[in-house]
Amino acid sequence: MHLTREDEKTYDGELGWAYQTSMRILVKLGEIFGATRLIPIESAHASGVSYKTIGDAPIDFLEALVQAGAKAKVASTVNPGGFDYENIEAMAVTREIREKQDKIIELYRKMGVNPVLTCTPYYIEAPKRGAHLAWAESSAVVYANSVLGAWTNREGGPSALAAALIGKTPNYGVHQPENRRPSIHVKVETVPENEAEFGALGIYLGKVLGDKVPVLEGLPRAEETHLKQLGAAMATSGMASIFYPCGSCPRRTEGLETLTVDRGTAKGAFEGLSTTSEEPDMVFLGCPHCSFNEVKRIAEIIRGRKVKPDVRFWVCTSRYVREKAEADVKTIVAAGGRVVSDTCAVVTWVKELGVETLMTNSAKTAYYAPTMNKVKARFAPLNQCINTACR
Ligand code: F3S
């Protein structure tokens with residue numbers, strides 16, 4: 001890899017251990033994937049924040065970076081943690097968990113990383129079109145590339161943090177125009193009608209597409225929420241980092257391999273995301289974290305209704321959106337729900353709350369819940385989730 005004189009100094013340790021280690025992570029990654037240079041990035045977004053998912057192992061590493069004087073060189077943010085302080089009474093959090101989670105967040109903060117604790121940092125500040133990023137949250141990566149027109153590979157937690165500290169990332173993958181070109185034409189025969197159907201389609205496509213870049217035909221009128229669910233699901237079951245949605249796709253698809261998704265396949269993918277039809281003891285909306293408009297929509301549907309006393313109704317969003325959506329938050333709380341920030345049902349301890357069956361409109365959550373949370377999953381669109389949660 002070609003390194004600038006400055007990069008070389010960093011690589012050789014002249015700027016200290018923290019930057020040397022970060023540079024070595026990036027160079028090694030670049031060598032593995034055939035990058036010839038590092039390129040500047042506009043922002044970084046690190047994952048690996050919830051104490052539930054990372055445990056103790058990375059804390060020493062983060063602490064060593066802080067002690068060695070590590071500071072982020074570009075705007076940097078982090079994924080959700082293990083709980084929400086404002087709803088702490090509703091979380092299965094011991095004192096030890098609190099202390100560990102506090103420590104992790106504090107270490108990121110000391111490195112100049114903004115602890116936004118959300119998987120939708122683009123609602124706080126959207127990256128510029130064409131900007132190179134180093135983001136680690138896979139749902140955010142697909143959204144950034146496919147909807148916002150930014151350029152980012154799917155980073156791991158350590159490589160995103162290393163990129164934050166160096167301000168650069170290796171130039172490979174979807175940072176290169178040739179790797180962003182469509183390589184398969186997917187014809188969706190039955191137009192998905194809601195966010196859950198988009199998510200189920202995404203789970204199916206993630207499994208069958210490998211690292212191909214699809215043009216998706218047959219998705220007219222797809223809303224931002226639909227594309228968010230589609231991309232998050234594709235990245236959950238597969239390698240996706242970018243897709244191109246279109247209603248009818250003329251020139252771009254010429255000469256490409258074709259895949260047709262028929263009604264039966266889409267239905268099978270949807271049904272496969274439920275492992276039970278039992279009544280849920282938790283209904284969880286907001287994976288990925290809700291936008292302002294999604295919180296508003298949930299408030300409109302639930303206004304004047306009451307959540308069943310034996311059901312936990314969680315709407316997850318960023319602290320930023322929760323503050324902006326104050327009136328809608330009040331409506332949801334008045335109905336007996338909670339608007340939870342800084343975490344989500346997947347990266348907090350829901351089983352420990354006594355939850356056995358979790359209902360959601362998120363294909364990503366339905367896919368992960370049985371393994372990561374050891375709960376049964378019931379998958380349905382938003383309206384149905386709210387109707388089931390309420391009396
Ligand atoms: Fe976000 Fe949690 Fe889903 S981090 S993408 S809400 S699993």
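For ligands, and for the atoms within them, numbers begin at 1 and follow the listed sequence. Both backbone and side-chain heavy atoms feed into the values below; hydrogens, waters and symmetry mates do not.
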Which atoms of ligand 1 are found less than 4.0 Å from any heavy atom of [X]?
{"X": "Glu137", "value": "5 (S)"}
{"X": "Gly286", "value": "6 (S)"}
{"X": "Pro80", "value": "4 (S)"}
{"X": "Ser139", "value": "5 (S)"}

**Ser138 near ligand 1 by a heavy-atom separation under 4.0 Å** = no
**Prompt:** Any chance the side chains of Asp328 and Thr331 put a donor and an acceptor closer than 3.5 Å?
**Reply:** no
**Asked** Taking the six-membered ring where the residue is Trp, are the ring centres of His175 and Trp151 under 6.0 Å apart?
**Response** no
Any idea which protein heavy atom is nearest [atom], and the distance to it?
{"atom": "atom 1 (Fe) of ligand 1", "value": "Cys119 SG, 2.3 Å"}
{"atom": "atom 2 (Fe) of ligand 1", "value": "Cys344 SG, 2.3 Å"}
{"atom": "atom 5 (S) of ligand 1", "value": "Lys364 NZ, 3.4 Å"}

**Prompt:** Does the shortest distance from atom 1 (Fe) of ligand 1 to an N/O/S atom of Cys316 fall below 2.8 Å?
**Reply:** no
**Item:** Full working for side chain to side chain donor-acceptor pair (under 3.5 Å) between Glu14 and Tyr19
**Value:** CA-CA 9 Å; Glu14 286 186 32; Tyr19 295 105; over 6 Å; no
**Message:** Looking at Glu356 and Lys351, is any side-chain nitrogen of the basic one under 4.0 Å from a carboxylate oxygen of the acidic one?
**Reply:** yes
**Asked** Looking at Arg338 and Asp84, does any basic side-chain N land under 4.0 Å from a carboxylate oxygen?
**Response** no
**Asked** Quick one: does Thr360's side chain have a donor or acceptor within less than 3.5 Å of a partner on Thr365's backbone?
**Response** no
**Asked** Just by modelled atom types, is the Val141 backbone N or O under 3.5 Å from a matching donor or acceptor in the Thr152 side chain?
**Response** no
**Request:** With heavy atoms only and a cut-off of under 4.0 Å, state how Cys287 meets ligand 1: side chain, backbone, both or neither.
**Result:** both
**Request:** Taking both backbone and side-chain atoms into account, decide whether His289 has an N/O/S atom under 2.8 Å from atom 2 (Fe) of ligand 1.
**Result:** no
**Minimal non-hydrogen separation, Thr260 against Glu189, with atom names** = CG2-OE2, 3.3 Å
